[in-house]
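In what follows, every heavy atom counts, from backbone to side chain, and hydrogens, waters and symmetry copies are set aside. Residue numbering restarts at 1 for every chain, and letters A, B, ... go by the order of the sequence lines.
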2 protein chains.
Amino acid sequence: MSVTIKDIAKLANVSHTTVSRALNDSPLINQETKERIRQLAMHLNYTPNYNAKSLVLDRSYNLGLFFSTLHTGTSAGFLYESLKGVNHVIKDEYNLIVRGIDDYRSYHKVNRKSYDGIIVMSQSSADQEFIEYAAGLEIPLVVLNREVENVQVMNYIPDDQRGACRIVEHLIAQGHRDIAIIEGKQNFKSTQARLDGYVEAMIRHDIPQREEYRVQGNYDLESGHAAMTRLLQLDHRPTAVFCCNDDMALGAIKAITERRLSVPGDISVAGFDDHVFSAFMTPALTTVRRPIEEISREGAAQLLSFIETKQVEKSKVLFHTELVIRDSVQPIIR
Amino acid sequence: MSVTIKDIAKLANVSHTTVSRALNDSPLINQETKERIRQLAMHLNYTPNYNAKSLVLDRSYNLGLFFSTLHTGTSAGFLYESLKGVNHVIKDEYNLIVRGIDDYRSYHKVNRKSYDGIIVMSQSSADQEFIEYAAGLEIPLVVLNREVENVQVMNYIPDDQRGACRIVEHLIAQGHRDIAIIEGKQNFKSTQARLDGYVEAMIRHDIPQREEYRVQGNYDLESGHAAMTRLLQLDHRPTAVFCCNDDMALGAIKAITERRLSVPGDISVAGFDDHVFSAFMTPALTTVRRPIEEISREGAAQLLSFIETKQVEKSKVLFHTELVIRDSVQPIIR
DNA sequence: CACAGTGCTGCACACGTTAACAATGTGTAT
DNA sequence: ATACACATTGTTAACGTGTGCAGCACTGTG
């Protein structure tokens, strides 16, 4: 059907070995024959059969990009930035296979023969099992976005707690004391980290915390809307709300304006992530930038270098988050 | 290193052929031996080497999901919905490889050995070359989102022109006559289709078109903002603006509110796509729903069935777009 | 002239799997 | 008893590529 090195060999009157060597630029082959064979290959439109190569070289040319889930809890922006970052680094020789971990019924198909390396964009500790599995198989592995315990892997994460603490301190600096938090999806590591940051800031500034100011969300728009609706029904309404991601912040703002209240006039709202949309919302959202694209890029680069050299420090690297002040938070007028 | 069928064969005192047959549930093998071998395989934690399988079966187990670009012009929501739709359908046995067509320097690595099938999420006619290449190689192929010419492929597309026409007619029905359009990215097929819909509606209702009401955008937030800014500088401002996607609509609204004008009080804004965010914007965006997830799902399903049965009608299927009326368009008070 | 060295090429096998064909044993009809 | 069908298993080759080793021709050296 398609052209093989044997076909080329026949036409060039050499053995297929010579063809293989010529195409792989082996020093054993005479320059002229090399050139002749290459011309011929090009002319015949030869493309190597990567399945055969994979078999003998024991490399799949596949890289896996795995998300905790593709159904819910993974925002479009997160997916987009991750993919973009990784894709930017991937050399032409790798295929990038994208998948949700929770889609697997069995991890059977994930093994060293099928993946040269794996990038886990981890959001939930439910991934732990998968990560341990992959680590156990000694597949080159980098876990991004979530701090992973027990397993020795390259682990690149944003400093969520610090970011959350900073933005809550920003709210406090604007005079707010009645600050609510709409939390992220349960069991997501980031949910805990951001909550920790909130608590840290509140304690540091001696602000008493109210039980009813902590509301559960799940990182999507609707949950932000629902959570805010509950907060608005409180007798003593908060003057500011920290939403654990921008999607929920948008939902929250919707809930507020539906009640004919204004942001930030009546209630200040802060988000987290710095979604592409956030600068364009009305009001533009004050939030925390989480450098997902950089993390993906750096993680992918390290993974590639590990695959090639087999050596790199397996360690945790924190990426700075950054306060982005826009219009959705206003000082309180006493 | 890892367990192969030959290892199992030795332990089971049979030939490796028997093992292969047993694991593939061949009717040639005795039930008891079959069971025995399967137990053994399970016990040894055997996983088949897909590279070897691929080589002999001439199947890669790879499916390609190709976008025109992953850099700019592809919105996060579009990527997300596409991936979600396709992923929903993919059987466990396929790997989904995601890539931007404009990332290829050569299509060399795209061939029938490497891909069992390809889904092109086409946005630009710049893909045409790639599509023709893939079609020429007789790789099972489905092109989604953009109407493709000359090539006989499965082609599933949203009815953009009809949707655009409908929403512009909606603006007209609300009394608007000074209707501007912010166009999409140049050379994107959808840009043309939506413009055609706009023109169709205007002509049908005998509304004179002004040259200066047609402004170029490129589907991203910033371009919507810039285009709207230009429109606002006009002596005779439009009373309504049809933005060719929701991202640009958001940018446009930003530009309007920055000038202390209100949407829809002073200017009505309509979008296209029905991005997840659109219902939650302030004001909630009147737009056209484009069923990307359904299209991806249906396209992927057809591709799989084609791969298996090798027969399906290669034809164009139009998916209905749907007018979604929210709060960003207001009747004109004369 | 013998010998070692060098530069290039081919033979034969390996990778792990499937499949055409052969071989074996068992039962059944003649 | 013989032939024949049938059920089950094994032998062998094949898929396309890379590679250790052997072999060839030629060159230079003693």
When the C1' atoms of the five terminal pairs at each end define the local axes, what inter-axis angle does the helix from C/dC1-D/dG30 to C/dT30-D/dA1 show, to 10 degrees?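 Inter-axis angle at the termini of the helix from C/dC1-D/dG30 to C/dT30-D/dA1: 70°.
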
Figure out the [atom1]/[atom2] separation between [X] and [N], and round it to whole Å.
X: A/Ile37; N: D/dG18; atom1: CD1; atom2: P; result: 13 Å
X: B/Asn51; N: C/dT17; atom1: CG; atom2: C1'; result: 11 Å
X: A/Asp58; N: D/dG16; atom1: CG; atom2: P; result: 20 Å
X: A/Lys10; N: C/dT9; atom1: NZ; atom2: P; result: 20 Å

Quick one: do the B/Asn187 and B/Ser124 side chains pair a donor with an acceptor below 3.5 Å? no

For B/His108 and A/Asp92, does a side-chain donor sit closer than 3.5 Å to a side-chain acceptor?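 No pair is found: no donor N or O on one side chain lies under 3.5 Å from an acceptor on the other.
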
Can you find a side chain N or O atom of [X] that sits less than 4.0 Å from OP1 or OP2 on [N]?
X: A/Tyr46; N: D/dG16; value: no
X: B/Lys53; N: C/dG16; value: no
X: B/Ser20; N: C/dT18; value: yes

Regarding B/Asn24, tell me which of base, sugar-phosphate or nothing describes its non-hydrogen contacts under 4.0 Å with the strands shown.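 Sugar-phosphate, no base atom in range.
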
Under a 3.5 Å distance rule, please check whether [X] uses its side chain to pair with a backbone N or O of [Y] as donor and acceptor.
X: A/Asn111; Y: A/Lys113; answer: yes
X: B/Asp127; Y: B/Ser122; answer: no
X: A/Lys185; Y: A/Thr191; answer: no

Sugar-phosphate means primed atoms, P, OP1 and OP2; the rest is base. With that split, encode nucleotides 5-15 of chain D 5' to 3' as B, S or - using protein heavy atoms under 4.0 Å. ---BBBBB--B

Pairwise side-chain contact, A/Val317 with A/Ile157, heavy-atom cut-off 4.5 Å (strictly under):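 In short, these two side chains do not touch, never coming nearer than 4.5 Å.
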
If you look at every heavy atom in A/Gly299 and A/Leu144, which pair is closest and at what distance? CA-CD2, 4.0 Å

Taking all atoms of both residues into account, what is the closest heavy-atom pair of A/Leu137 and A/Arg112, and its distance? O-NH1, 3.0 Å

Mind checking whether B/Tyr50 and B/Tyr61 have parallel, tilted or perpendicular rings, split at 30° and 60°?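 If you compare the ring of B/Tyr50 with that of B/Tyr61, the planes turn out perpendicular.
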
